[in-house]
Amino acid sequence: MPTANLVSKHFGNEKARELDWYRAQGGYEAARRALFEMQPEEITEEVIKSNLRGLGGAGFPTGRKWTFVPKESGKPNYLTVNADEAEPGTFKDKYIMTWDPHRLIEGIIVCCYAVGIHTAYVYIRGEYVRPYERLRDAIRQAYQGGVLGEKVLGKDFKLDVFIHRGAGAYICGEETGLLESLEGKKGWPRLKPPFPAVVGLFDCPTVINNVETISHLPNIILNGGEWFAELGADRSGGSRLFCLSGHVKRPGVYELTMGSPMSELIYEHGGGILDDRQLKAVIPGGSSAPVLTADCVDLSLDFDSLAKAGSMLGSGGVMVLSDSVCMVKALSVVSHFYAHESCGQCTPCREGTGWLDRILMRILEGDGRRQDLDTLLSIAEYMQGTSICALSDAAALPVQSFVTKFRSEFEYHIQHKSCDVENPEPALAL
Amino acid sequence: MSSNFQFTPENLEEYQDILRRYPVKRAALLPTLHLVQAQHGFVPAEAEQFVADLLDLPVVDVREVLTFYSLFHRREMGRHHIRVCMSLSCWLRGAGRLKRHLGEKLRVESGGVSADGQFSWEAVPDCMGACEIAPMLQLDKDYYGNLGNQDVDQLLEGFNGPPGDPELE
Ligand SMILES: Cc1cc2nc3c(=O)[nH]c(=O)nc-3n(C[C@H](O)[C@H](O)[C@H](O)COP(=O)(O)O)c2cc1C
Ligand code: SF4
Ligand code: FES
C-alpha cells in the first residue's frame, strides 16, 4: 500500500496534542529507547541505514549530515528545526505542529541525544500563530511531565527546546539565513563553507533539519532503519507528506511512501483535475522545482526519479495546473515572488530576479519583443551557481523550464499581444 | 538617550523570560520586537530606541532588522489586519478576484486602512502555507480559506462588532 501514516496518523485528532494521550498510545517510547537502550552512534547508524532524506527541500541524507558535527569542538552543539515553511506550495509542517506536536518534540529528543545537543530552537514562520501556540503548549506539557528539562525522561541528559518566531521573510527558510535571523539580524544567507555543522548558530556546530524530517525519527527508532528504507524507494527511505494544491478536486496533505506514482496522488487522492479539465502541467516540489508536462503522471514520487526527469521532489509541494492556465501569467506570478524575496546581497540574484519579473510583465502588457525569450533564458543561465544561496537558482529554474517546455505560448503572447488560452485567470496586478 | 516607550509589567516579565533562552543578547531582538508590536499594534520610532537600549544595540541595527521583516508595522494599522495570499496556488484558485473584491469592499487599495479604521489590508506575494484552502487570507492570527466574495463579506461583518467582541483580541 503506497499510502502511509507514519507522521500523519494523528492528523485531525484533537486528543493527540495532550501529553497523557500521546504517551498512552506509546508516545515517547522511541525517545526512552534511544536514551536508555542505545548509544548515540547507534542512533545515527540507524538513521543512515533508513535512507531518511531531508524533507525541507534539498533532500540531503539526514544521518550523514549529523556525522559532519565535529566530535570535540569544545563548544556546545545546537539543533535548529526549520519550521519556516515558506516554499510556495508547501504546507505540511503546519499539520505536524498543529496536530502532532509531541511527535516533533520526540524526534528532537532523539536527534539531540544522537548528536550531543542540549539546546534546540524551532524557527517557525511568523504567520503560523496557531501552530506556534499548539507547539508552545505541547512543549510546556513536556517540561511539566519530565519529558524535557534537566533530566529528559529521567535520564541524566539535559535538553531545552525553545521556539523562535520569524517575521515574514522567505529567505529565512534558507538554513544560513535562518541562523542569521535567529541571531537577531536580517536574514542574509552566509557564504558556505564553513557549513553550519561546523560553524553554525552562535558560531557553534549546528544541525539544521526540517520539521517533517525530525518527526520521522521516532518511527525509525521503534522499527529500525532497514524497515524504513524498505518502505521507500531506492535511495529515498520511508514516506513523506505531499502537499497537493492548485487545480485538483481535493487539495490537501497526503502521506505516501516514497516512489508512489504521481497519478495516484493527483487522481486517487486529489480526485482528479478540477472541473474535469485536462492536466497541463505539474510543479512537483515547491515553486522552485522545474515544471513538468502532463505526461509526468507516470513518474514515481521519489528524489531520484524526479531528478532524472529534470525536476526535483523538493519540499513535497505538488502544484497542479489545468489547461485553463496561461503559462506566461503563471510564470510571472512565480517570478514576481522571487523578485520580491531576493535578499539583495548578490548581484546576479538581485538584478536577475528583478529583470526576469519586468520582462514577463512587459510581455503580458503586450510590449514583448522577439528577443525577450532568449534574454530570459540567458539571464536564467547566468543566475545559476553564481550566488551565495540557492534562491537565485530557485528563481532561474522555473523560467528555464516554463520557457523551454511551453515556448509556443510565450511566442504567441509576444506576436499577438494576447493569450492563446481561452478565458484564462487574469494576470496579477500587484 | 531615553525613550517614551515602555513595556507593561507583564511584558517586561515576558521580556526577561525571552532573554533566558539565548546565550547572546542580540538573539532576543526578533522576539522583543514581536512583543512591542503585540503591545502597541505597531513598532513606533520611540520603541526602536527603547529596544536598542534594552539589548545594548545601536538603534540603526534595530531599524535595519525591523525594516527587513514584512510582518512588522512601523505605522498604525487598522484594528484588524488582513493579508491576502497572491502566490501561485492561490492565484490558480482566484486570488486575483479575492483581492479585487476586498479592495472594493474596504474602499482602499492594498497597503491602506479603511476609513473607519477597522481594517487594514495588503496583498502579499508570499505563499502563506495554506494552499489547500486557496484562495485564502490571514485576518489577525487566523487563516480563512476557500473564500468566495460572500464569504469575505460575512467574515468582515463578523469582525465589525463593537469593542469587547470575544473574537477580538
Ligand atoms: C531559498 C530557500 C528557502 C528554503 N526554505 C525552507 C523552508 O521554508 N523550510 C525548510 O525546511 N527548508 C527550507 N530550505 C532548505 C534549507 O536550506 C535546508 O536545506 C533544510 O532546512 C535542511 O533540513 P532537511 O535536511 O531536514 O531538509 C530552503 C532553502 C532555500 C535555498
Ligand atoms: S542568492 Fe539571492 S537570496 Fe541568496 S544570498 Fe544571494 S541575493 Fe540573497
Ligand atoms: S499559494 Fe496561497 S497559501 Fe500557498
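In what follows, chains are A, B, ... by sequence order, proteins preceding strands, each numbered from 1.
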Worksheet entry | Tyr95(A) versus chain B, the contacting section by heavy-atom distance below 4.5 Å | side chain
Worksheet item: Where on Leu274(A) is there a heavy atom nearer than 4.5 Å to chain B: the side chain, the backbone, both, or neither?
Response: side chain
Discussion item. Please classify the contact of Cys172(A) with chain B as side chain, backbone, both or neither, using a heavy-atom distance under 4.5 Å.
Written reply: side chain
Response to the item:
Distance col, row Asn82(A):CG vs Ile124(A):CD1, nearest 0.5 angstrom, shows 11.0 Å
Item to complete: Under 4.5 Å heavy-atom distance to chain A, tell me which part of Ser87(B) shows up: side chain, backbone, both or neither.
Response: both
Worksheet item: Side-chain donor-acceptor pair under 3.5 Å between Gln138(B) and His81(B), yes or no?
Response: no
Response to the item:
Residues of residues 129-136 of chain B with a heavy atom under 4.5 Å from any heavy atom of chain A, in residue-number order, are Gly129(B), Ala130(B), Cys131(B), Glu132(B)
Response to the item:
Applying a strict 4.5 Å limit to non-hydrogen atoms, the region of Lys94(A) in contact with chain B is side chain
Worksheet item: Do other residues, nucleotides or ligands put more than 12 heavy atoms under 6.0 Å from the CD atom of Glu46(B)?
Response: yes
Worksheet entry | Winner by heavy-atom pair count (cut-off under 4.5 Å) against chain B, out of Met319(A), Glu341(A), Arg125(A), Lys329(A) | Arg125(A)
Worksheet entry | Most contacts with chain B, counted as non-hydrogen pairs under 4.5 angstrom, among Ser322(A), Pro426(A), Pro76(A), Gly187(A) | Gly187(A)
Worksheet entry | Which of Ala169(A), Ala86(A), Cys343(A), Gly246(A) touches chain B most, by non-hydrogen pairs under 4.5 Å | Gly246(A)
Worksheet, complete the sentence: Whatever's closer than 4.5 Å to a heavy atom in chain B on Glu425(A) counts as both
Item to complete: Would you please say whether a donor-acceptor pair under 3.5 Å links the side chains of Gln118(B) and Arg79(B)?
Response: yes
Item to complete: Taking the six-membered ring for Trp and the full ring for Phe, Tyr or His, determine whether the centres of His34(B) and Phe72(B) are under 6.0 Å apart.
Response: yes
Item to complete: Look at the aromatic rings of His80(B) and Phe119(B) and report parallel, tilted or perpendicular, splitting at 30° and 60°.
Response: tilted
Practice prompt. Please flag which part of Tyr22(B) lies under 4.5 Å from any non-hydrogen atom of chain A: side chain, backbone, both or neither.
Written response: both
Discussion item. Need one label for Val320(A): side chain, backbone, both or neither, based on atoms under 4.5 Å from any heavy atom in chain B.
Written reply: backbone
Discussion item. Side chains of Tyr128(A) and Thr98(A) only: does a donor on one sit below 3.5 Å from an acceptor on the other?
Written reply: no
Worksheet item: Which class fits the ring pair His164(A) and Tyr123(A): parallel under 30°, tilted 30 to 60°, perpendicular over 60°?
Response: parallel
Worksheet item: Between Tyr254(A) and Ser8(A), do the side chains contain an N or O donor and an N or O acceptor separated by less than 3.5 Å?
Response: no
Response to the item:
So, the part of Ile163(A) with a heavy atom under 4.5 Å from chain B: the answer is backbone
Worksheet, complete the sentence: Residue from Arg250(A), Arg165(A), Glu85(A) scoring the most non-hydrogen pairs under 4.5 Å with chain B is Arg165(A)
Worksheet item: Relative to the ring of Phe7(B), is the ring of Phe5(B) parallel (under 30°), tilted (30 to 60°) or perpendicular (over 60°)?
Response: perpendicular
Worksheet item: What part of Cys326(A) is in contact with chain B, defined as an atom under 4.5 angstrom from a non-hydrogen atom: side chain, backbone, both or neither?
Response: backbone
Worksheet, complete the sentence: If you tally heavy-atom pairs under 4.5 Å between each of Ala167(A), Pro251(A), Ser245(A) and chain B, the highest tally belongs to Ala167(A)
Worksheet item: Between Ser287(A) and chain B, which part of the residue has a heavy atom less than 4.5 Å away: side chain, backbone, both or neither?
Response: neither
Worksheet item: Looking at the rings of Tyr121(A) and Phe162(A), which for Trp means the six-membered one, are their centres under 6.0 Å apart?
Response: yes
Worksheet, complete the sentence: Checked Ala339(A), Gly252(A), Gly89(A), Ser324(A) vs chain B; the most non-hydrogen pairs under 4.5 Å come from Gly89(A)
Worksheet item: At what distance, to the nearest 0.5 angstrom, does CZ of Phe202(A) lie from CZ of Arg26(B)?
Response: 11.5 Å
Worksheet item: Cation-pi between Arg140(A) and Tyr143(A): NZ/CZ under 6.0 Å from ring centre and within 45° of the ring axis?
Response: no
Worksheet item: For residues Asp153(B) and His101(B), is any side-chain donor paired with an opposing acceptor at under 3.5 Å?
Response: yes
